[in-house]
Structures are given as structure tokens and as C-alpha cells.
Amino acid sequence: MTVESTAARKTTRRSAAGKTGSTGSKAAGTTGTRRATAKKTTGGTEPELVQLLTPEGKRVKNAEYDPFVADITDDELRGLYRDMVLTRRFDAEATSLQRQGELGLWASLLGQEAAQIGSGRATREDDYVFPTYREHGVAWCRGVDPTNLLGMFRGVNNGGWDPNGNNFHLYTIVIGSQTLHATGYAMGIAKDGADSAVIAYFGDGASSQGDVAEAFTFSAVYNAPVVFFCQNNQWAISEPTEKQTRVPLYQRAQGFGFPGVRVDGNDVLGCLAVTKWALERARRGEGPTLVEAYTYRMGAHTTSDDPTRYRHDDERVAWEAKDPIARLRSYLESETDTNEGFFAELEAESEALGRRVREVVRAMPDPDHFAIFENVYADGHALVDEERAQFAAYQASFADVDVEEGK
């Protein structure tokens with residue numbers, strides 16, 4: 001398996017109709033929200049967005065955000081490329097494992113690598129991250145072993161890592177609730193006087209949840225040091241974004257009294273710069289920020305979903321021309337001294353990662369069937385004891401059948 005999809009290498013494909021490519025956003029007047037000037041496109045009117053690297057791999061100057069990536073080296077750029085390639089390889093392997101019956105479900109991040117790697121690499125070690133169930137690239141940036149992400153999807157644990165070990169919370173399945181957790185944690189940081197920030201991830205669909213609105217309200221009122229990072233992949237399962245909101249998502253921040261900015265979610269440099277800006281703003285005590293990473297969900301919502309039932313193939317083809325990995329590779333090949341040896345070594349590394357993921361998943365031990373009853377109450381409970389006994393009798397019934405059949 002190659003480290004890039006076939007589509008990722010076809011950088012000459014046509015760009016999407018209605019492409020938005022901007023060199024930045026303009027500061028709003030008295031509202032403090034970063035507005036973007038509307039721009040006519042072939043697909044209608046779309047706001048401009050922060051973009052530092054075009055789909056063709058060309059660097060775009062931006063006076064406002066260039067300072068946040070001004071000192072980035074060629075080695076660090078190659079590191080970002082490696083992050084995205086290995087994250088995609090891990091994601092592809094997990095999808096294959098689910099198709100083979102090794103995982104119960106999988107939520108792919110295909111196409112969203114730049115949004116996750118760019119924002120993830122913008123965080124400091126002492127920052128705290130609250131993910132959804134799709135932030136595999138952010139987990140990679142926080143040092144979480146990718147195989148630890150798979151235990152929950154295999155049904156052997158509730159999350160295979162210690163959240164405090166990497167300041168990376170367990171995956172949250174309930175849509176939008178992690179924004180409230182992040183806000184509360186950020187309020188605690190502010191009261192403790194710590195020099196750190198919190199970032200909460202959610203999708204465009206989650207932006208319609210009341211939990212998100214409540215998190216916006218509390219974070220604004222209490223000036224919490226939190227960044228709300230919305231990956232707008234344009235499809236909340238089968239609902240397009242235009243059925244979720246009448247305005248661009250980042251503009252919602254204005255109504256709550258804090259800045260919002262839209263960034264090209266397929267531009268890893270743009271996502272890195274904008275997230276750094278937002279996190280530094282939070283650390284200075286200037287409160288929350290909403291970042292809308294405008295990207296595209298290249299695959300299904302999860303492996304139980306069939307996107308061909310509600311969207312057209314030409315839409316995906318248009319976005320494949322904006323592939324985040326392909327555009328950074330183009331830049332590395334044309335503007336740095338990166339040679340083919342680097343890409344060949346990375347190809348081998350990605351294959352090794354895929355093999356390790358397969359081996360680890362298939363070797364995962366089954367959980368203790370009775371562990372679900374542990375730690376429900378600190379001092380035990382009669383009802384839990386009764387349920388445990390009923391479950392034990394149910395399990396024992398299978399042993400009786402095996403004996404009768406001579407197994």
C-alpha cells in the first residue's frame with residue numbers, strides 16, 4: 001500500500017468548483033471577530049479563508065499569520081509531511097481491519113490530516129486536548145501510540161491510554177459534550193493561574209448541539225483559555241453544512257463575543273499558524289477563539305455509513321485535487337532540498353507501521369467479562385451484585401452446552 005492515495009498524487013486534477021483561496025482574513029471593527037470578506041465564486045458566495053499553501057503547493061504570503069510559521073525549518077516541514085503520511089497509513093489500516101471483522105467500527109479521518117496535524121503540532125506539552133472520536137492525527141501529535149486508539153473500537157477497553165500521560169483526553173462519543181468538558185477544564189486552568197491552554201475538537205454537525213452553544217457562552221463569560229477547533233468536513237453524516245447553519249460557522253463566534261476565523265483545513269501550514277495564534281491568545285488571558293478548518297471528509301462518516309447514498313462522486317474528485325498531503329509534497333519537492341530518498345524511507349516506515357498495527361490488534365486479549373461490574377460504586381451495591389450473579393449464571397450456561405456437546 002502506498003503512503004498516498006492515487007488521487008493524492010494527481011495534483012493536476014481540476015480544483016473544486018467554487019474554490020476559495022485567500023491570503024488571509026481582515027480584522028473586524030469593534031466586534032473583535034475576525035470577519036472574512038465575501039468573495040464571488042462559480043459556486044456562489046463564499047467567505048475568504050486563511051491560506052498559506054495553495055492546492056498546487058505554492059506558498060502564499062500572509063502578513064498576519066506568517067510570523068507564526070516564520071521560523072519553520074525544512075526538517076520541520078518534512079516532519080509535518082511524515083506526520084500526515086503515517087496518520088493516513090494508520091487510518092487506512094484501521095479501516096481495513098474493520099472490514100476484516102477485527103474492529104467493530106472505525107471513524108476515518110481521510111482528507112482531514114492537515115487540520116489535525118497542523119493544529120496538533122501547534123499545542124504545547126502542557127496544553128490539554130479534548131478530542132471527538134476522529135482525532136487520530138492529534139493523538140499522534142500528542143504522543144499517543146496509535147495502537148492504543150483501537151482498543152475501544154475492538155471492544156476490549158474504554159480507551160487505551162492515560163489521559164493525564166499526554167494531556168489528551170479519552171475519545172468522546174457523545175456529540176459535542178467534550179466542548180463543555182474543555183470549557184470547565186479551561187476555567188480551572190484560569191483559576192489556577194497556569195500558563196497553558198485547552199483545545200476542543202468538534203465537527204460541523206456538532207456545532208448544532210446545545211452543548212456547544214453552552215460551552216461558547218460559559219467560555220466567553222468566564223474568559224476561559226480555550227480554542228474551539230471545528231473541522232468543517234461539510235457532512236454531518238448525511239446532512240450538508242447548509243442544513244446546519246445559515247452563516248459560515250466561524251461567524252457564530254461573533255454572537256458570543258469572541259473571535260472566529262476560517263482557515264483552509266487542507267493547508268497544514270495555515271492550520272499550524274492559526275492555531276498557534278489562537279492558543280497564544282488564550283495563554284495571554286484574552287479568552288476563547290473559534291477556528292473553523294474548512295476541509296472535506298473524503299471517506300464515509302464511519303465504516304457503517306455509505307456516502308454514495310447522499311453525495312456525488314464529482315464532489316470528492318474536486319476535493320481530491322486539494323489533497324493536504326499532495327500539496328505539501330509539491331512544496332517540499334520544489335522549494336526544499338528534500339530528495340526521493342526521504343519519500344522512499346517514509347514509504348518503508350509507513351508499511352512497517354501498518355504491519356505493527358495489524359499484529360497488535362490481532363493480539364489484543366479479550367477483556368474480563370466481569371470487569372464491567374467493577375468500580376460502579378465505591379462500596380458496592382446490592383443491585384450490581386444481583387446483576388453480576390445473573391451474568392455469571394448466563395456465562396455458565398454456555399459451559400453446560402459445551403459439556404453436553406463434548407467440546
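Note that the numbering runs from 1 along the sequence shown for the chain. A quick note: this is a predicted structure, and the numbers were derived from the prediction, not measured.
- Checked against the 6.0 Å centroid threshold, Trp106 and Tyr171 do not count as a close aromatic pair.
- Remark: of the listed residues Gln231, Arg316, Glu315, Gln112, Glu315 is the sole one forming a side-chain hydrogen bond (donor to acceptor under 3.5 Å, both in side chains) with Tyr296.
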(request) Decide ring pair (Phe, Tyr, Trp, His ring centres under 6.0 Å) for Phe130 and Tyr201; before the verdict, give the C-alpha distance in whole Å, the side-chain angles of both, and the deciding distance to 0.1 Å. (result) CA-CA 6 Å; Phe130 286 84; Tyr201 289 86; over 10 Å; no
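- For the pair Arg59 and Glu335, the salt-bridge criterion is not met [side-chain N within less than 4.0 Å of a carboxylate O].
- In this pair, Phe256 and Phe258 present their aromatic rings tilted. The plane angle is within the 30 to 60° band.
- Annotation: Tyr310 is in aromatic contact with Trp235 [ring centroid separation under 6.0 Å].
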(message) Quick one, Ile117 with Cys141, criterion side chain to side chain contact (heavy atoms under 4.5 Å, CB included). Give me CA distance, side-chain angles, the key distance, then yes/no.
(response) CA-CA 7 Å; Ile117 298 302; Cys141 293; 3.7 Å; yes
(message) side-chain hydrogen bond (donor to acceptor under 3.5 Å, both in side chains), that's the test. Do Asn266 and Thr295 meet it? Break it down for me.
(response) CA-CA 6 Å; Asn266 286 18; Thr295 181; 2.7 Å; yes
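- Around CG of Asp313, the count of heavy atoms belonging to other residues, nucleotides or ligands within 6.0 Å does not exceed 12.
- With respect to the salt-bridge test (charged N to carboxylate O, under 4.0 angstrom), the residues Asp75 and Arg82 do not qualify.
- Contact between Leu52 and Leu269 at its shortest, heavy atoms only, is CD1-O, 3.7 Å.
- Geometrically, Arg262 engages Tyr294 in a cation-pi contact, judged by NZ or CZ lying under 6.0 Å from the ring centre and within 45° of the ring axis.
- A cation-pi arrangement is not found for Arg329 relative to Tyr81, the charged atom failing to lie both closer than 6.0 Å to the ring centre and inside a 45° cone about the ring normal.
- Shown here for Thr245 and Arg252, the closest heavy-atom pair between the two residues is CB-NH2, 3.2 Å.
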(request) Apply the test side-chain hydrogen bond (donor to acceptor under 3.5 Å, both in side chains) to residues Glu292 and Asn232: give CA-CA distance (whole Å), side-chain angles for both, the deciding distance (0.1 Å), then the verdict. (result) CA-CA 6 Å; Glu292 178 194 355; Asn232 180 3; 2.8 Å; yes
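- Close placement of the Phe228 and Phe216 rings is indicated, their centers lying within 6.0 Å of each other.
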(message) Assess the residue pair Arg134 and His301 against the criterion (side-chain hydrogen bond (donor to acceptor under 3.5 Å, both in side chains)); give the C-alpha distance rounded to whole Å, side-chain angles, the decisive distance to 0.1 Å, and a yes or no.
(response) CA-CA 10 Å; Arg134 200 187 301 272; His301 175 70; 3.1 Å; yes
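- Taking a cutoff of 4.0 Å between a charged side-chain nitrogen and a carboxylate oxygen, Arg121 and Asp83 qualify as a salt bridge.
- Looking at heavy atoms from C-beta onward, Val198 lies out of side-chain contact with Asp127 at the 4.5 angstrom threshold.
- Nearest approach of Val247 to Gln251, heavy atoms of both residues: CB-OE1, 3.9 Å.
- Closest heavy-atom contact between Pro163 and His169: CB-CA, 3.9 Å.
- A salt bridge between Asp305 and Arg297 is present, with a side-chain N of the basic residue lying under 4.0 Å from a carboxylate O of the acidic one.
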